[in-house]
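Please read the structure below before turning to the comments.
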Amino acid sequence: MRFAVIQFPGSNCDMDTVRAIREVTGAEADLVWHARKDLSDYGAIFLPGGFSYGDYLRPGAIARFAEAMDGVRRAAEDGRLVIGICNGFQILLEAGLLPGAMRHNDHLQFRCEIVPVRVERADTPFTSGYEPGQVIRLPIAHGEGNYYADDGTLEALERRGQVVFRYAGENPNGSRNAVAGIVNEAGNVLGMMPHPERAVHRWLGSEDGRALFVSMWRAGRERQLV
Amino acid sequence: MYNEPTAEQIEREALYRQVGMTEEEYRRAVELLGRRPNWLELGLFSVMWSEHCSYKSSRRVLKRFPTEGPQVLQGPGENAGVVDIGDGWAVAFKMESHNHPSAIEPYQGAATGVGGIIRDVFTMGARPVALLDSLRFGPPDDDRQRYLMREVVAGIAGYGNAVGIPTVGGEVKFAERYRNNPLVNAMCVGLMRHEDLARGTARGVGNPVLVVGARTGRDGIHGATFASAEDPLEKERSAVQVGDPFMEKLLLEACLELIATGAVVGIQDLGAAGLTSSGAEMASRAGSGLEIDTALVPRRETGMTPYEVMLSESQERMLVVMERGKESVAGEIFRKWGLEAAVIGRVTDDGMLRVLDGGKVVAEVPVKALVDEAPVYERPAREPEELAVFRSWRWEETPLPERLDEALLALLGSPDLADKEWVWRQYDHMVLASTAVRPGADAAVIWLRGTRKGVAVCTDGPGRYVRLNPLLGGMHAVAEAVRNLVCVGARPLAITDCLNFGNPEKPEVFYQFEQAVEGMSRACEVLGTPVVSGNVSFYNESKGVDVDPTPIVGAVGVVEDMERVCTPAWGPGMIVGLFGPAAPAPEDQGRWLGGSEYLLRVHHLLAGDAPPLDLELERKVQEACLEAIRRGLVAAAHDVSEGGLAVALAEMAIAGGTGAEADLGAVAAGVRPDVLWLGEAGSRIVVALRPEHVEAVRRLAEEAGAPFAVIGRTGGDRLVLRAGAVQADLPVERLRTVWKEAIPWALSENSRVSSSI
Amino acid sequence: MYTARVYVTLKASVLDPQGRAVERALHALGYGEVRGVRVGKVIDVTVEAPDAGAARRRVEEMGRRLLANPVMETFEIESVKPASGAAVEG
Amino acid sequence: MYTARVYVTLKASVLDPQGRAVERALHALGYGEVRGVRVGKVIDVTVEAPDAGAARRRVEEMGRRLLANPVMETFEIESVKPASGAAVEG
Ligand SMILES: Nc1ncnc2c1ncn2[C@@H]1O[C@H](COP(=O)(O)OP(=O)(O)O)[C@@H](O)[C@H]1O
Ligand SMILES: [Mg+2]
């Protein structure tokens, strides 16, 4: 399976993500410019972290109009894998591919640290390499990761088991229900604030992100995604 | 055409004063030009001859710095220094101040400071991989200081995080003399292959000159505003420059892509004095001339005069000289990134900086006159009277506290020594996924991915020592920074610096400056770390009070094997060793107390001399410790600096979540317990060793001629300090709480929230 | 040319961390009478348009598509006025 | 109880990168007629006060002291109205 990492103006975790995919799975990963519409070659698409369009107005608000988002939408409909990390999660929310929105962290500060995160679902194509309920350590780095959805939406997310990652220690940003990552109903689109691509080597303080890339690689093969 | 004074008027009415030139300087300009300068030409002289651009007060003194070594690929004189780290890799780095803008508007001042230093590094062809920030404020006991600190930190975070360069290190200190003059110094470190080294030169007659990036507005134009024929916004003008990290990120990517094409002849950021200074400097380095038509410069505002265009300090712009015929290469790359690239002139061979306005020549000044012929001052220097007063302190009269527990807690909770996590967790210190040693250790380590190598970086600036003894303080600044590199297992390579001082026209301030540079130079020579870049910030004064003399040193080293990186975190069951002197001779006790954090926090005294520092001993200690780490004999290491041995041990205990018992009974004869545990001296590193490695380390130290002593063992959950009798005994948890909570507590008072809401 | 002033505010049911911080700060400054603070955006959009009505319709559309996020925000056009003075780019 | 609506806007000469980014986004979305965008803040402050005039005076003071940063922003009080409905916590 081939991986795409979309590069928006202002993305800054794009290369980290490409490297993590290559190093962990050995698969091919391409950096794909945001103006490219056709993403049909890719079985899995990453929307990386960063500050696309400076995060001006709202994080993800401008990036969601990028031409590559057509390809992302199509991939989501096809059942291919789409994952947004940090800014990528914000873009998926703005694009309506996942429900909810992001507010400023409740303490209003940017927060960068390694935090405990509980894997609530280990039966998704992104998390099959983890144990259900496993608490892993992942870096976060964001100023607007305070997840919001109205009561009805939130209740539905929980009922359907769409909350995949949840902060297991102190809630670092005020997210409702301590949400750190969610999937769509079909289970093939994931958005998460923590950065698995920064947790792939002992020297980086955690290796707990590796299983996510491995899970995706496996799912891609099983599902015979391009 | 513009409402500008004539050359005659300038002379008759002494208008040169309005742009900060003395009469003598004006006469010199007339002589060099062979005629009276017009208003624009006067503007060019005034900015190029300003302290900021010409280093007219410091140039003579800075010559003292050692700048050479086999590792140096580029020394001072370019936008950043560059050193070799082996295997074809090199590091580019530099530090710069943004003190004055930060005092006016802390968020934007700090943000644009970060932006400027990033450009200095990528302009060399290096990809920035780390930022550091060195900050000084007044004590956090008033709303203004807390506001400044919150905003400065937010500004650094807001810019660095968005550009996507991890801020991995720095320091924050507080002292009375920074109350009206906060210091904000930022350092950037970049990585590159040797062959990608780019330089700021304007070579090749006829080569096109481009301005790329943001448009030019009326930002930061100095003093007099006669020049504005029509400035519709005059009343609404703000001196504040706003940073745009998004633009910077695009500019960074576009410039690196452009440099990689090989079609770039020279490139330089537009910083202070904008087009004037960058144009003149690039021409000067190449010995060429430059022609710029201001009408071709893309503007953000209407009605700008050539004067305003030439002097604008709008952010996020670069000046690029391309190979002739390759303009379109730049055009394409910049268009892809959504940026503008405009050809605004060309390289000439007549040595002139010629400014045109729609084809018409409006200024013509020899580059040499602007750059090489800038005035150089021999400022008088005189030892400040306060030094004699400091030295007259009689340490014997300082009472001994009953127990050291309280003193140790007071030190751990002092804003200077307390945990700075509140600051650095606002910085994205992990982006680029290469940060192997994160903030909080002696130095940060950036892993050079795909290799086993790493780059270690840190900053240091012992302001109090420099105030007490500028020469010795300057030595400490370098020794301490370099020692910090050694503690993480890096071989020191070179340093950059930012010299923050008061008004150099005061002989006392100039004395501090001269002596500090001398001290730094000596340390650099002995420790083998040349100065490859730097910056001077003078006039940090207000209401007649100058800041403490504050040279900040940024040090860079290389880790050869990432498996051998060390941090201060120790584990249980280890032996605690100390490289360097364990105690002073009884007659030297005063030297260990003078200028110490302990004397200040517990006795509220700033007195004495800076602590002793023997550079040869320092070198031996560093060599021995580094060798021990490289052989894999050291489990944890931490240098002993402010707060002395007790604070160093406490920090290691907190970092490792493990207690220890240390006993200095063997060396304590005739020495006061406070001197022993809280006294300060250079050349000391605490290490934790597995028991089976102790003998090897001892032998190694002996061979290197470095003192080494076993002083205790780790384990349990208390830190116990004895010299025979117990002198302090505290739970590690208590130490941790005091150390961790001091800064958040100091800043939590319900005061002004940031206006950046 | 017309300038439309658009407000974008968080829905009343959405907790506003910025508003909370300002409120706390005002209390600390001695403004005990403050009962609530909400922080939103004011966006001035200057457009070329034949008349104010046309300008409003276009800006209305921009509001729906880009300026506000309907999940948590609402927007309203406060006014549409002939543009004044020299235009300065962002 | 009164709610004062305060605008905080950047001084006209101060670069507004956010406004510029929004402008470019609007152009890309097909709104070529957009000539400029400036983004500021709107702050609704609800206060206990004997009358609208008193409320205005207090909020005016808050504006000077806290809500705007005088070196780069200006503020104006757009309106002071009796607070409507239940005050929602920030
Ligand atoms: N304290 C210093 N130590 C060493 N070099 C210095 C020092 N101060 C300035 N320099 C050198 O002088 C040159 C001009 O510095 P500066 O004006 O800060 O650069 P820029 O033009 O990028 O602002 C640089 O090459 C810098 O490295
Ligand atoms: Mg420079």
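Any value given below was found using the heavy atoms of this structure, including those in side chains, with hydrogens, waters and symmetry copies removed. Per chain, numbering begins at 1; letters A, B, ... match sequence-line order.
- Scored by the ring-ring contact (aromatic ring centres under 6.0 Å, His included) test, Tyr427(B) finds no partners at all (sequence neighbours excluded).
- Options Glu23(A), His195(A), Met15(A) differ in how many heavy-atom pairs under 4.5 Å they form with chain B, and the most are formed by Glu23(A).
- In this structure, the side chains of Phe110(A) and Val153(B) stay at 4.5 Å or more apart for every pair of heavy atoms.
- Using a 4.5 Å cut-off between heavy atoms, Val163(B) contacts chain A through its backbone alone, with no side-chain atom that close.
- Rounding to the nearest 0.5 Å places CZ of Arg111(A) at 13.0 Å from CG of Asp428(B).
- The backbone N or O of Asn161(B) sits less than 3.5 Å from a side-chain atom of Asn12(A), completing a donor-acceptor pair.
- Counted within 6.0 Å of CD on Glu563(B), heavy atoms from surrounding residues, nucleotides or ligands total more than 12; the atom is thus considered enclosed.
- Between Glu113(A) and Arg438(B) no salt bridge is recorded (no basic side-chain N to carboxylate O distance below 4.0 Å).
- Taken from NE2 in His201(A) to CH2 in Trp447(B), the straight-line distance is 4.0 Å, to the nearest 0.5 Å.
- Neither the backbone nor the side chain of Glu253(B) comes within less than 4.5 Å of any heavy atom in chain A.
- Salt-bridge annotation for Arg449(B) and Asp16(A): absent, with no side-chain N of the basic residue lying under 4.0 Å from a carboxylate O of the acidic one.
- Proximity to chain B (any heavy atom under 4.5 Å) is shown, for Thr17(A), by neither the backbone nor the side chain.
- Within the 4.5 angstrom heavy-atom criterion, atoms from both the backbone and the side chain of Leu432(B) approach chain A.
- There is no contact between His142(A) and chain B, counting heavy-atom distances below 4.5 Å.
- Note on Ala436(B), Ala162(B), Gly158(B): by heavy-atom pairs under 4.5 Å with chain A, the leading option is Ala162(B).
- The aromatic rings of Phe246(B) and Tyr53(A) sit tilted, their planes meeting at an angle between 30° and 60°.
- Counting heavy-atom pairs closer than 4.5 Å to chain B, the top-ranked of the candidates Arg202(A), Glu197(A), His104(A) is Arg202(A).
- Atoms SG and CZ, on Cys112(A) and Arg425(B) in that order, are 10.5 Å from each other to the nearest 0.5 Å.
- Distance check: Met562(B) CE to Trp203(A) CH2 gives 5.5 Å after rounding to the nearest 0.5 Å.
- Annotation for Arg176(A): atom CZ counts as buried by contact number, over 12 foreign heavy atoms lying within 6.0 Å.
- Side-chain contact between Met430(B) and Ile114(A) is present, with at least one heavy-atom pair separated by less than 4.5 Å.
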